Amino acid sequence: MLLPAFFSFVRRASTNAATAKLPSPDRNTQLVAKCTKELEHFRESKWQLFSSPPEKLVSWKFTSVPNGKDRYVTLRRGLTFTPYADPVPCTAHCGFCSETMQRVGTEVTNYYQARQRLSGTPLPPDYSEYFTALRIVLGQLDGQRMGLSLSGLEATAEPVWLMHLLQVVGETSSLWDEKVLYTNGCGFVDDQLLQEFAKASFDRVELSRQHYSEDVNQRIMRFHRNVEIRSNDAYEQVVRRLKSSVQCLKNSCILTATGINSIGEIEAYCRWAANLGVHCVVFRELSRFSNSAYVANPTTKWINKNRVSIEPLLSQVLPEFGQARQGWRYMHSTVGYYYYNEHFSFEGMEVVLEVSSYEALQQCLTAAPDNVDKLIFHFNGNLTTDWDPSSCVVGTYRSETAAAGKAKNSPVSSCDPRLSWSRCCLQSGELRHCGAT
């Protein structure tokens, strides 16, 4: 992964008035099995069942800044856009973190270099120039309908960055038919940040928690010792406050041998979540990948040791159509371009069992490099269709001079990720840190 680069230009994209939209029906395909044979076909084929008809593809032009180079791509209706959350290191060090996985042949192939990026304390980026670049990108997407998918490291770990982002999201509200945040929730222990987030009217928050036991969860997520949400008490308070701040609050749990690894454990987790007032939980298998495609390191070893496959669990919940496990009811299946899941009802709660494939994702990128299912804006100024900030680049939105030299000479922002939200303030419409007292 590359260190954040800086931008040295000033330009604003036009904004549009907010319009209410429903989530795009093109984002994935919902299927309902009618018999055992159909169900078996769904489970065997998974993401291969997904396709985008030609009428759901549209040609689009991106113009890089500052060199003015044009790139034409084909956007799939229903695509998602991710402003990759990377302003400060993540507050957790999950054993399965994909940020420490490196594809063979990419720049960083050393596990410890990648790990340092997550655990170090880099100088904060120049947020104003980053958001100027983001506005340009979104201005070039004016007229599109997209889903905002906010993920990356941990978006709530840096409240100043998140507040700026929410402002830009509000300015470009006509672009978004759905807004989703994926988070461990660490920043939401502060009521003020949570109140400000609520004003953005996100459709869904997926709150990551790997076990109902605080100790087991910590063995997997490995929060820093000073991160409040590592405790179940703090986590449960955040859940209760978030429920009134978002349309849909969903718990997200990765299936692991160390943590949730059986139907009995899934049911125990669901009952714990239900007691907190959560009505939907998604359990995901660790994303599948080819060992030969990734550099062997502690993360890949952890994943291989802890993988819990989804197929045996699906067979236990619904071995044949119409013969669900007691308390469970099949609702439907969903296929996306690199994922598959099944939705069930369990004791009044919606439960999703999901699997995805990095191999399928890479196959999509390789087979049709100009067909775009997802756009990701990285801190180095690259707009890509890949999670790697230097791969599958659609456009570059930065000054080459700035990328080469400004990071070294840039004045240090007063924004320190270790400062709490209580030391931040709003002044004259601008977000800034007030500094420690």
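The structure presented is a predicted model; accordingly, all values stated were derived computationally and were not measured.
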Measuring only between side-chain heavy atoms, which start at C-beta, is [X] closer than 4.5 Å to [Y]?
X      : Y      : answer
Val335 : Leu31  : yes
Ile310 : Phe283 : no
Ile376 : Leu383 : no
Arg225 : Arg230 : yes
Phe62  : Leu141 : yes
Lys46  : Val355 : yes

Salt bridge (charged side-chain N to carboxylate O under 4.0 Å, His left out) against [X], all qualifying residues, sequence neighbours excluded:
X      : answer
Arg329 : none
Glu154 : none
Lys374 : none
Glu285 : Arg288, Arg307

In terms of relative ring orientation, are [X] and [Y] parallel, tilted or perpendicular, with 30° and 60° separating the classes?
X      : Y      : result
Phe377 : Tyr397 : perpendicular
Tyr337 : Phe50  : tilted
Tyr212 : Tyr269 : perpendicular
Phe344 : Trp328 : perpendicular
His164 : Tyr127 : tilted

Given 3.5 Å as the limit, does a donor-acceptor pair link the side chain of [X] with the main chain of [Y], or not?
X      : Y      : result
Trp60  : Gln144 : no
Asn306 : Trp302 : yes
Arg71  : Val393 : yes
His378 : Asn380 : no
Asn304 : Thr300 : yes
Lys179 : Ala200 : yes
Asn382 : Thr384 : no
Trp176 : Thr172 : yes
Thr156 : Gly187 : yes

Looking only at the side chains, is there a donor atom on one of [X] and [Y] sitting less than 3.5 Å from an acceptor on the other?
X      : Y      : result
Ser287 : Ser356 : yes
His343 : Gln30  : no
Ser391 : Asp386 : yes
Asn232 : Arg209 : yes
Asn341 : Ser333 : no
Asn28  : Tyr339 : yes
Glu342 : Tyr340 : yes

Aromatic centroids of Phe197 and Phe188 separated by under 6.0 Å: yes
For [X], give me all partners under side chain to side chain contact (heavy atoms under 4.5 Å, CB included), at least two apart in sequence or on another chain.
X      : answer
Glu347 : Arg271
Arg204 : Glu178, Val180, Tyr182, Glu206, Cys248, Lys250
Ala33  : Glu38, Leu39, Phe42, Phe321, Tyr330
His41  : Ser45, Leu49

Identify, with sequence neighbours excluded, every residue that meets side chain to side chain donor-acceptor pair (under 3.5 Å) alongside [X].
X      : answer
Ser231 : none
Ser64  : none
Ser149 : none
Thr385 : none

Apply the side chain to side chain contact (heavy atoms under 4.5 Å, CB included) test between Asp191 and each candidate in Gln237, Arg241, Glu196; give the one that qualifies. Arg241
Check each of Thr80, Thr82, Leu162, Val205 against Leu150 using the side chain to side chain contact (heavy atoms under 4.5 Å, CB included) test, and report the only one that passes. Leu162
What pair of heavy atoms forms the shortest contact from Thr91 to Cys186, and how long is it? OG1-SG, 3.4 Å
Where do Ser208 and Met221 come nearest, in terms of heavy atoms and distance? OG-CE, 3.8 Å
Residues, nucleotides or ligands: over 12 heavy atoms within 6.0 Å of Glu236 CD: yes
More than 12 non-hydrogen atoms from neighbouring residues, nucleotides or ligands closer than 6.0 Å to NE2 on His279, yes or no? no
Going through the distances and angles, do His211 and Gln218 end up as a side-chain hydrogen bond (donor to acceptor under 3.5 Å, both in side chains)? CA-CA 9 Å; His211 205 276; Gln218 180 61 11; over 6 Å; no
